[in-house]
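Worksheet for the structure shown next.
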Number of protein chains: 2
Amino acid sequence: MMAKKPSLSAEAAPSPAAQTPDEDLMYDLAELFRIFGDSTRVKILYVLLNGEKCVGEISELLTATQSAVSHQLRVLKQAKLVKYRREGKTVYYALADDHVRTIIGMGVEHLTE
Amino acid sequence: MMAKKPSLSAEAAPSPAAQTPDEDLMYDLAELFRIFGDSTRVKILYVLLNGEKCVGEISELLTATQSAVSHQLRVLKQAKLVKYRREGKTVYYALADDHVRTIIGMGVEHLTE
DNA sequence: CTTTCACATGAACAATTGTTCATGTATTAT
DNA sequence: ATAATACATGAACAATTGTTCATGTGAAAG
C-alpha cells in the first residue's frame with residue numbers, strides 16, 4: 001500500500017489521520033519565505049543570480065537608495081541567503097548557496113505557467 | 001552611470017541579464033512568496049500536503065480559530081494556491097497544484113541542511 | 001419556517017515592516 | 001590629521017498585515 005504521509009518530519013505519531021504540523025518548523029518556513037516576500041529583497045537576490053555585486057551596483061540596478069539596499073542586505077545576510085566579502089572600501093555580496101537560485105526559479109516557474 | 005533600458009528582452013531565461021529586474025515580475029514574485037510567509041498559511045498548506053481537508057479539520061489541526069483559518073484560506077484561494085469543493089455544508093480545500101508542494105519542499109530542504 | 005451547523009466576511013485593533021533621514025564606521029587618499 | 005568614498009545603522013513614521021469579535025450566508029434537519 002502506498003502511504004500518503006509526508007516524509008518531512010518524523011515526530012511521535014499522534015493520531016492516525018492527522019498530525020499537527022511542527023510549530024518550530026512552520027515558523028522557520030514562514031520566516032524563510034517572508035524574506036523573499038518583499039520586492040526590494042527579491043530584486044536584490046535576482047540581480048545576484050548573475051554573480052556578486054557591490055552595494056552601489058545593486059542600488060543602481062534597483063533604482064533604490066543605498067540605505068534601503070543596505071538595510072535589506074542586512075536582512076538577507078542574517079537569513080544566510082547572501083554572503084559578502086570586503087575589498088577595500090567596497091563590499092561585494094553574493095548568493096549564499098544554490099537554494100536561493102532554486103527557490104526563485106520555482107517561483108518564476110509558478111508564475112509563468 | 002546612466003544605464004539605458006535594453007531594447008532586447010529575454011527575461012525568463014535561467015540566467016537573466018545583469019540589468020534592472022523587471023518590475024512586474026519582481027512584484028509578483030514577492031507577492032507569491034509573501035503568501036508562504038505566514039505561519040498560519042504555511043501550516044494550512046502543510047497539512048494539505050496530505051490531501052484535502054475541510055475547514056473544521058484544518059482549524060483543529062492548527063489550533064487556530066475557524067475565523068482565522070477562513071480568512072487565510074481566502075488569501076490562499078485568491079492566490080490560486082488552493083482549490084475547494086463543496087459537499088453539503090462542508091467545504092473541502094486542497095492544494096491547487098504541485099508547485100506548492102515543490103516550493104514548500106525546497107524551503108524545508110533549505111532549512112534542514 | 002426556524003434552527004442548527006459549517007463556513008465566510010466586515011470592522012477594528014495591535015503588531016510588524018520598509019522606507020527615509022540623519023548620522024556612524026571603516027578604508028583610502030591627500 | 002582631514003577629507004572623501006563606500007557602506008551600515010538607529011530612530012521615526014507610514015503602510016501593511018493578521019487576529020479577534022461579531023455578524024452574515026448557505027445548506028441540511030426538524
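Below, read A as the first sequence line, B as the second, and so on, with proteins coming before strands; counting in each chain starts at 1.
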Worksheet item: Under 3.5 Å, side chain of Arg34(B) to main-chain N/O of Phe36(B), donor-acceptor pair present?
Response: no
Worksheet item: So, the side chain of Arg41(A) versus the backbone of Gln72(A): is there a donor-acceptor pair under 3.5 Å, distance only?
Response: no
Worksheet, complete the sentence: By nearest-heavy-atom nucleotide on DNA chain C, the more 5' of Arg86(A) and Ala64(A) is Ala64(A)
Worksheet item: Considering heavy-atom distances to DNA chain C, does Leu73(B) or Val75(A) have its closest nucleotide positioned more toward the 5' end?
Response: Leu73(B)
Worksheet item: Gln72(B) or Glu87(B): which one's nearest nucleotide on DNA chain D is closer to the 5' end?
Response: Gln72(B)
Worksheet item: Roughly how far, to the nearest 0.5 Å, is NE2 of His110(B) from CG of Asp98(A)?
Response: 11.5 Å
Practice prompt. Starting from P on dT4(C), measure out to CD on Gln66(B) and report it in whole angstrom.
Written response: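 Nearest whole value for this atom pair: 18 Å.
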Item to complete: Report the distance from atom OH of Tyr92(B) to atom C1' of dC7(C), rounded to the nearest whole Å.
Response: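 Taking atom C1' of dC7(C) as the reference, OH of Tyr92(B) is at 13 Å.
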Fill in: Tyr93(B) side chain near dA8(C) phosphate (N/O to OP1/OP2, under 4.0 Å)
yes
Worksheet entry | Qualifying residues under ring pair (Phe, Tyr, Trp, His ring centres under 6.0 Å), relative to Tyr84(B), sequence neighbours excluded |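 Result, ring pair (Phe, Tyr, Trp, His ring centres under 6.0 Å) vs Tyr84(B): Tyr93(B).
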Discussion item. At a heavy-atom distance below 4.0 Å, which nucleotide of DNA chain D is the first touched by chain B, and which is the last?
Written reply: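 First and last nucleotides in contact are dT17(D) to dA28(D).
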Would you list the atom pairs, donor with acceptor, under 3.5 Å between side chains in residues 59-71 of chain B and any protein atom, with sequence neighbours excluded?
unit_1, atom_1, unit_2, atom_2, d
Ser59(B), OG, Val55(B), O, 2.9
Ser59(B), OG, Gly56(B), O, 3.2
Thr65(B), OG1, Ala68(B), N, 3.0
Gln66(B), NE2, Ser70(B), OG, 3.3

Item to complete: Remember a base hit wins even if backbone is also touched, and classify Thr90(B) as base, sugar-phosphate or nothing at under 4.0 Å, heavy atoms.
Response: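 Since only primed, P, OP1 and OP2 atoms lie under 4.0 Å of Thr90(B), the category is sugar-phosphate.
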Fill in: Single-linkage hydrophobic cluster, 4.5 Å side-chain cutoff, Val47(B) and Leu111(B) together
yes
